[in-house]
There are 2 protein chains.
Amino acid sequence: MANPMYRQIAESLREQIESGALGPGQQLRTELELREQYGASRNTIRDAIKWLTTLGLVETKPGQGTFVVQKIDPFVTTLTADPKRPGGAEIAVPGEDGYGEVDRSPAGQKRKLTYSDPQIEIQKADGKVAEHLRVAEGSSVISRHQRRYIDGTPWSLQTSFYPMGFVVRGAGRLIEAGDIRDGTVKYLADTLGLRQVGYRNWITVRSPDMTEAGFFSLPQDGRVGVFEILETAFDQTATPMRLTVTVFPTDRNQFIVNVGEVPAEQLITDNT
Amino acid sequence: MANPMYRQIAESLREQIESGALGPGQQLRTELELREQYGASRNTIRDAIKWLTTLGLVETKPGQGTFVVQKIDPFVTTLTADPKRPGGAEIAVPGEDGYGEVDRSPAGQKRKLTYSDPQIEIQKADGKVAEHLRVAEGSSVISRHQRRYIDGTPWSLQTSFYPMGFVVRGAGRLIEAGDIRDGTVKYLADTLGLRQVGYRNWITVRSPDMTEAGFFSLPQDGRVGVFEILETAFDQTATPMRLTVTVFPTDRNQFIVNVGEVPAEQLITDNT
DNA sequence: GGGTATTTGTCCGTATGTATT
DNA sequence: AAATACATACGGACAAATACC
């Protein structure tokens, strides 16, 4: 009896969930019913439910009840692709490159990627952008931002940064709204002779900010994290030519990295 | 007055933290003091602090107080390396391959990797192992498990799986305790002629289980997630020869993926 | 649309337990 | 041993969101 009562109650409910007695989407008994069932006060029941909530096992809906969470069929993105392909990896501004990529879920369905028109701004490079793009902090950069969806559900938020000098040197369409035909990679090669020869993805996980939580409909308490992937693309002189920051919720995204000779992807059903 | 009081109090404290008025590691005023300061009940103050806790901004210590969390200097691991190098990527059983890898933090220090002796078991392949290793579910596999540390702090938990047939065919040392000289990749090449020509990393984020939370000293409420990286290694016939599952806490780990021609790593100080 | 019952959310006060100093 | 500070648990009251008639 070392454990507090609310944890024991949570454990009891957890077993019911993981054994399948309470299936995904199913409603739990109300707090008042559980209060009688376990002989505890309503506040203690609420502590148990709050615990399960932070564990991501249940969610509460005011006026309705408490429900076992549905597991989301995850999106799978391959981070390694042809370094010279327009757009680089699949995650690299596929929208701007006119690619209607398909993402394959573990269950094997093909999915449809859509994206908003790019929202373009001229910004001062903050510390992170300046360091990865190797420009002076505070210098002007072009920012192209998109919201991206798979089958209509919010998938990722992406922002690409380019040095302002690119526009001066002849790549004026970078600051025009609307997609760039054949993508920015080809456009920069054609106009400035900048060939993308490789890129580096820097993968971190952090808590979502308010904008991200809103766009992805994540719980506001920061329980669900987001991947933040910084992709730095390099030209033939090993100089950074683009920084793309993409944010994905961790609860619905997985990534694949292939190295060396690897057979085509097996479609694997994840039954964790 | 749209927001509940505990959220307003949390917001007030959050601003003090993010503005720097309350520095990392610094102690907040006690619940009783805050109760008078904000004119709320102690339970409401506790709700505000609990909210900040799930946001990962503060931590509470019984008998001591509430403190602003320290940001951890993260470990950075490169997932793309020579596919034929013993051990594959840096994350691939470097311990078993006798590599004393160094990890470079954003701040640029070199760090020392240590690891426990492998703990070896014969197990039945569960669904996940069977599918990635492409063996029948329930067939025997060799499991080699290690705890890995950087500078003495827990870094990752790693388990490698090999088909049991490898031992029958002559790779008997796989089931012996202790490190294998020159690593398992070279050992399997020497004994069975299995050359590792590539590998695939499958990156997911999930909540830690009890064992993991204990080893990494993570809060038990599952607030901090863990990376689970499944590395499947392939031999020259494109057959899976090894599955390595590695678990890293997301609060102290970052990953790098290089594609194409990429300059040597810039040491970047992350001042997010 | 309105009203009512149901269910979770917020807030209070109090008492006692447990960990740390 | 004592003081301090957070943790658990109780009970009660009202608010807010939702569903249903």
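What you are looking at is a predicted structure, and each value in this text was computed from that prediction instead of being measured. Convention: sequence-line order gives letters A, B, ...; per-chain numbering from 1.
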Atom CD of A:Glu36 and atom P of D:dC10: how far apart are they, to the nearest Å?
14 Å
Who passes side-chain contact (heavy atoms from CB on, under 4.5 Å) against A:Glu33, sequence neighbours left out?
A:Arg29, A:Thr30
Going by side-chain contact (heavy atoms from CB on, under 4.5 Å), name the residues that satisfy it together with A:Ser207, two or more places apart in sequence or in a different chain.
none
A:Gln27 atom CD is separated from C:dT6 atom P, nearest whole Å, by 14 Å
Not counting sequence neighbours, which residues clear side-chain contact (heavy atoms from CB on, under 4.5 Å) with B:Lys61? List them please.
B:Glu59, B:Gln64, B:Phe67
Can you name the atoms? Protein N/O to nucleotides 17-21 of chain D N/O, anything below 3.5 Å, with the distance.
none

Going by heavy atoms in the side chains, are A:Leu52 and A:Leu13 under 4.5 Å from each other?
yes
State whether A:Arg46 places a side-chain N or O below 4.0 Å from either non-bridging phosphate oxygen (OP1 or OP2) of C:dG9.
yes
Can you name the residues that form a side-chain contact (heavy atoms from CB on, under 4.5 Å) with A:Ser156, not counting sequence neighbours?
A:Arg148, A:Thr246, A:Phe248
In whole angstroms, the gap separating C1' of C:dC11 from CH2 of B:Trp51 amounts to 17 Å
A:Leu34 side chain reached by A:Ile9 side chain, heavy atoms, under 4.5 Å
no
Just how far, in rounded Å, is P of D:dC10 from CD of A:Glu31?
14 Å
Rounded to whole Å, the CZ-C1' distance (B:Arg7 to C:dC11) equals 15 Å
Now, which nucleotide makes the Watson-Crick or G-U wobble pair with D:dA1, with each of the two distances under 3.5 Å?
none
Separation of C:dT7 C1' from A:Ile49 CD1 (nearest whole Å)
11 Å
Give a yes/no on whether any side-chain N or O of B:Thr60 is located under 4.0 angstrom from OP1 or OP2 of D:dA7.
yes
Every protein N/O within reach of nucleotides 12-16 of chain C N/O, cut-off under 3.5 Å:
unit_1, atom_1, unit_2, atom_2, d
C:dC12, OP2, B:Ser41, N, 3.0
C:dC12, OP2, B:Ser41, OG, 3.0
C:dC12, OP2, B:Thr44, OG1, 2.2
C:dG13, N7, B:Asn43, ND2, 3.4
C:dG13, O6, B:Asn43, ND2, 2.7

What is the distance, rounded to the nearest whole Å, between atom CD of A:Glu59 and atom P of C:dG9?
11 Å
Please tell me whether A:Tyr38 and A:Ser12 have a donor and an acceptor in their side chains that are separated by less than 3.5 angstrom.
yes
Begin from the C-alpha positions of B:Glu18 and B:Arg14 and carry the test salt bridge (charged side-chain N to carboxylate O under 4.0 Å, His left out) through to its verdict.
CA-CA 6 Å; B:Glu18 294 184 346; B:Arg14 178 197 194 130; 3.3 Å; yes
Under 4.0 angstrom between B:Thr66 side-chain N/O and D:dA5 OP1 or OP2
no
Please pick, from C:dT10, C:dT7, D:dA5, the nucleotide with the shortest atom-to-atom distance to any side-chain atom of A:Thr30.
C:dT7
Quick one: closest heavy-atom pair of A:Gly56 and A:Val69, and the distance?
O-CG2, 3.1 Å
Mind calculating the distance between CD (B:Gln8) and C1' (C:dT10) to the nearest angstrom?
12 Å
